[in-house]
Every structure is written in C-alpha cells, then in structure tokens.
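Structure record follows, encoded as structure tokens.
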Amino acid sequence: MKKKILITDRFAQDSFLYLQQHSQFEVVRSDNPQHLPLEHLVSAHALIIRSRTKIDEELLKKARQLQLIVTCTSGFDHIDLEATQKWGVTVMHTPTANIESAAQLTWGLVLSCVNNIQAAHKMVKAGEWNRDQITGIELAGRNYGIVGLGRIGSRVAELAQAFGMNVVAYDPYQEDEVFERLHIPRLSYEEVLKTADVISFHVPKTLETEHMLNRSQFEYIHRGIVLINTSRGSVINENDLCEALEKGWLRSVGLDVYEKEPLNRNSNLLKYPNLVLTPHIGANTEDAFFKASQIAANKLMAFFVD
Ligand code: NAD
C-alpha cells in the first residue's frame, strides 16, 4: 500500500518531484497551512509542515494513520510534542538547513547596529546629509559574546573571528571539544555579559532560557553593549529591555524574534531609534528553503524506505 504524504505549506518543487517519483508514495499538497483538508488528513501517513501548521491533539485525533511529521524548521514551537508522543507519531525537524542563513542574519543585524546603517539609510532617503550624526565603532579587537555555542552560535563565532574579534562564550551544555576547536574560552554567563562589546543569543526556547536576560542582568551588563537576538523572543524580557534602553545602557539592539509574534504595533520596542527589527526572517533565504525541503524529503525517505 502506498504511503500518503500531505505537504501543508511551501515546499521546493524539486523535492516534491523527488518524493512523487517514488512509487511507494502518494504525495498531496494542501493550499492552506492552517486548515488541512480532512479527506487527506484522515488517511495521511506523513505530514511535511512548516511553522504555520499547528499540530495539536485535535488534529492528531483526526489523523488516525499518521506515523511521521517532518517540520521544515529548526524549532518545534508549533508542535505539541506531548500529544505527538501520546499518539505515537514520530517528529523530525531540519535544524541544519538554516545555520548559514540564521548566522548571516545575525551578522546583518550586528553590522547594521554597529555602523548605524538604518539611521544612515533613513537620513539619505529624507534628503539629508548630516554625516557627523552617524558614527560607528570598529569591531576588530573588540569582544564578541556568544550565548549558546550550538550550530548557529558556532558559525556566528567563526564570522566574528573573521572580523578580528575576541570571541568568548557561555554554554553549560556544550562539549569542551567544541570550545577548543573554535579557540573560544568558556566563561560564565555573568562574565560574558560583563565583557562583551557585542553579544548574541543562540539558545533554544526552554524553561531555563525564558527571560534569561532580564532586569538583574541589565544591572551589570557591559555599558554600551550591542545586543542581538535571533534565537527565540522568550529569551529576553522586553519590558526590562525597554527600561535598559531608557537608561541608555545599550548602544544598539538587533532583534529578529519577539516575546509575542507578530510584534504588537503598540510595542514599546518601536519607540527606540537605536533598534533594528526584522520579522523573524532568520531562516528566510532561498537556500535555506531548498535545503530544508530536501532534508525533509530525505528524512521521510529514510523513515519509510531505507
Ligand atoms: P542548537 O541546538 O544547535 O544550539 C543551541 C545551543 O544552546 C546548544 O549548544 C545548547 O547547549 C545551548 N543552550 C541550551 N540551553 C542553554 C542555556 N540555558 N544557556 C546557554 N546555552 C544553552 O540550536 P541552533 O540550531 O544553533 O539554534 C539556536 C536558536 O536559533 C534556536 O532557538 C532556534 O530556534 C533559533 N533559530 C532561529 C531562526 C530565525 O529565524 N530567527 C532560524 C534558525 C534557528
């Protein structure tokens, strides 16, 4: 019997054809990632999804044949993992697909922050030329602090080293071997916050990382620091961040992720000129999209065929 695969969101055409050509699969695409067609859901053996498809108990109750969910994302925030475990559905993700893209966006934010590119751009567009108002800092010789030296954090660290920065990191769970290979000293969280000129967060969303940057840390964080978060919005307490910004403790901030997404139009974060904000686009490159689709197809193939 053929295995039915329901693709619920954007998926690369080449990877779609790769699956479709396999005689063991019937591959179906749905137009609306939020409302899956019941006639296919009830008979699907696998779902290929992205973050717009929320997997909860209600959906799993209907998908009685379901064995596998592959999400073309690195996070699982849109999937109720307790429920999938309860219903015996295997869940896989594609975290390696967007390492390069997320690291690159992190650096896009760093450079935009340290060279004040956003303000400069606005000025030129407004027909002004007040060059003295736009002053940056050089990165070479300064300290870059990484919180979470995993896949993306490690790549961001390599890029920082290419800029001639001294990289330090905090990651209580990472192997010593990774720190040694990258020639990065392992510091405590407090030491990183106190020494970094630029700091970026690359940790998962967990109970432990929730609001790991809050008022207590802002009290002693290196004054004039550039703060970047492309990991998960829950990591930073946004109210406390606004307080620190009011006090002038931060040079600039680059954010791709927020406590609540989409960011509320009335969010206080929108008040500050020294913030660069992007709408959770860390994985949004053509390349990451193609890689995620093909990795998902390979994982699905390995699950059912190999
Ligand atoms: P990863 O699992 O490879 O690395 C995470 C690292 O964080 C690990 O080394 C882990 O040991 C460390 N860590 C865990 N808890 C920690 C803690 N309390 N303190 C310090 N370190 C801790 O993950 P990754 O693929 O590098 O992704 C990092 C983050 O980036 C994730 O939150 C992911 O969802 C996010 N992400 C965002 C985008 C985007 O679009 N902005 C794209 C890709 C990934």
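Just follow the structure's listing: the first ligand is 1, and inside any ligand the first atom is 1.
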query = For A160 and W107, which heavy atoms make the closest approach, and how far apart are they?
reply = CA-CZ2, 3.3 Å
query = Just which atoms of ligand 1 are under 4.0 Å from any heavy atom in N98?
reply = 43 (C)
inquiry  = Check this for me - ligand 1, V257, N or O atoms closer than 3.5 angstrom, yes or no?
reply    = no
task = For atom 19 (N) of ligand 1, find the nearest protein heavy atom and state the residue, atom name and distance (0.1 Å precision).
result = Y170 CE2, 3.4 Å
task = Say whether E243 and N239, considering side chains only, have a donor N or O and an acceptor N or O under 3.5 Å apart.
result = no
inquiry  = When you measure from the centre of the six-membered ring of F16, is the NZ or CZ of R29 closer than 6.0 Å and no more than 45° off the axis?
reply    = yes
ask   = Is F25 close to M301 at the side-chain level, that is, under 4.5 Å between some pair of heavy atoms?
value = yes
ask   = Going by the order shown, which atoms of ligand 1 are within less than 4.0 Å of some heavy atom of G282?
value = 39 (C), 40 (O), 41 (N)
inquiry  = For ligand 1, which is the ligand I care about here, please tell me if P172 has any N or O atom under 3.5 Å from one of the ligand's N or O atoms.
reply    = no
ask   = Of the choices S154, A102, P279, A103, which has the non-hydrogen atom that lies closest to atom 42 (C) of ligand 1?
value = A102
task = Provide the number and element of each atom of ligand 1 under 4.0 Å from a heavy atom of H280.
result = 39 (C), 40 (O), 41 (N)
task = Looking only at protein heavy atoms, identify the closest one to atom 30 (O) of ligand 1 and say how far it is in Å.
result = S231 CA, 3.6 Å
ask   = Which protein heavy atom lies closest to atom 5 (C) of ligand 1, and at what distance to 0.1 Å?
value = H202 O, 3.3 Å
message = Show me which atoms of ligand 1 lie under 4.0 Å from any heavy atom of A283.
response = 40 (O)
message = If we only consider heavy atoms of L149, is any one of them less than 4.0 Å away from an atom in ligand 1?
response = yes
key: Y220 six-ring face occupied by K194 cation (under 6.0 Å, within 45°)   = yes
query = Taking distance alone, with no angle check, do G75 and ligand 1 share an N/O pair under 3.5 Å?
reply = no
query = Is a side-chain N or O of Q67 found less than 3.5 angstrom from the main chain of V89, in a donor-acceptor match?
reply = no
Where ligand 1 meets Q174 - atom numbers and elements under 4.0 angstrom, heavy-atom basis = 9 (O)
request  = Return the set of residues passing side-chain contact (heavy atoms from CB on, under 4.5 Å) with S30 (not counting sequence neighbours), or none when no residue passes.
outcome  = L6, L36, P37
task = Indicate, as side chain, backbone, both or neither, the part of E208 found under 4.0 angstrom from ligand 1 when only non-hydrogen atoms are considered.
result = side chain
ask   = Which ligand 1 atoms are under 4.0 Å away from a heavy-atom of T230?
value = 36 (N), 37 (C), 38 (C), 39 (C), 41 (N)
query = CD of E238 to CG of L255: how many Å apart, nearest 0.5 Å?
reply = 7.0 Å
query = Considering only heavy atoms, which of D256, I281, D77 lies nearest to atom 41 (N) of ligand 1?
reply = D256
key: For atom 8 (C) of ligand 1, the protein heavy atom that lies nearest, with its residue and separation   = D171 OD2, 3.4 Å
request  = Flag the pair L19 / I48 as yes when at least one side-chain heavy-atom distance between them is below 4.5 Å, and no otherwise.
outcome  = yes
task = Please answer whether the main-chain N or O of T195 pairs with a side-chain N or O of N143 as donor and acceptor at a distance below 3.5 Å.
result = yes
task = Among all protein heavy atoms, pick the one closest to atom 21 (N) of ligand 1 and tell me residue, atom and distance.
result = V203 CG1, 3.5 Å
query = For atom 13 (N) of ligand 1, which of S101, S234, P95, P204 has the closest heavy atom?
reply = P204
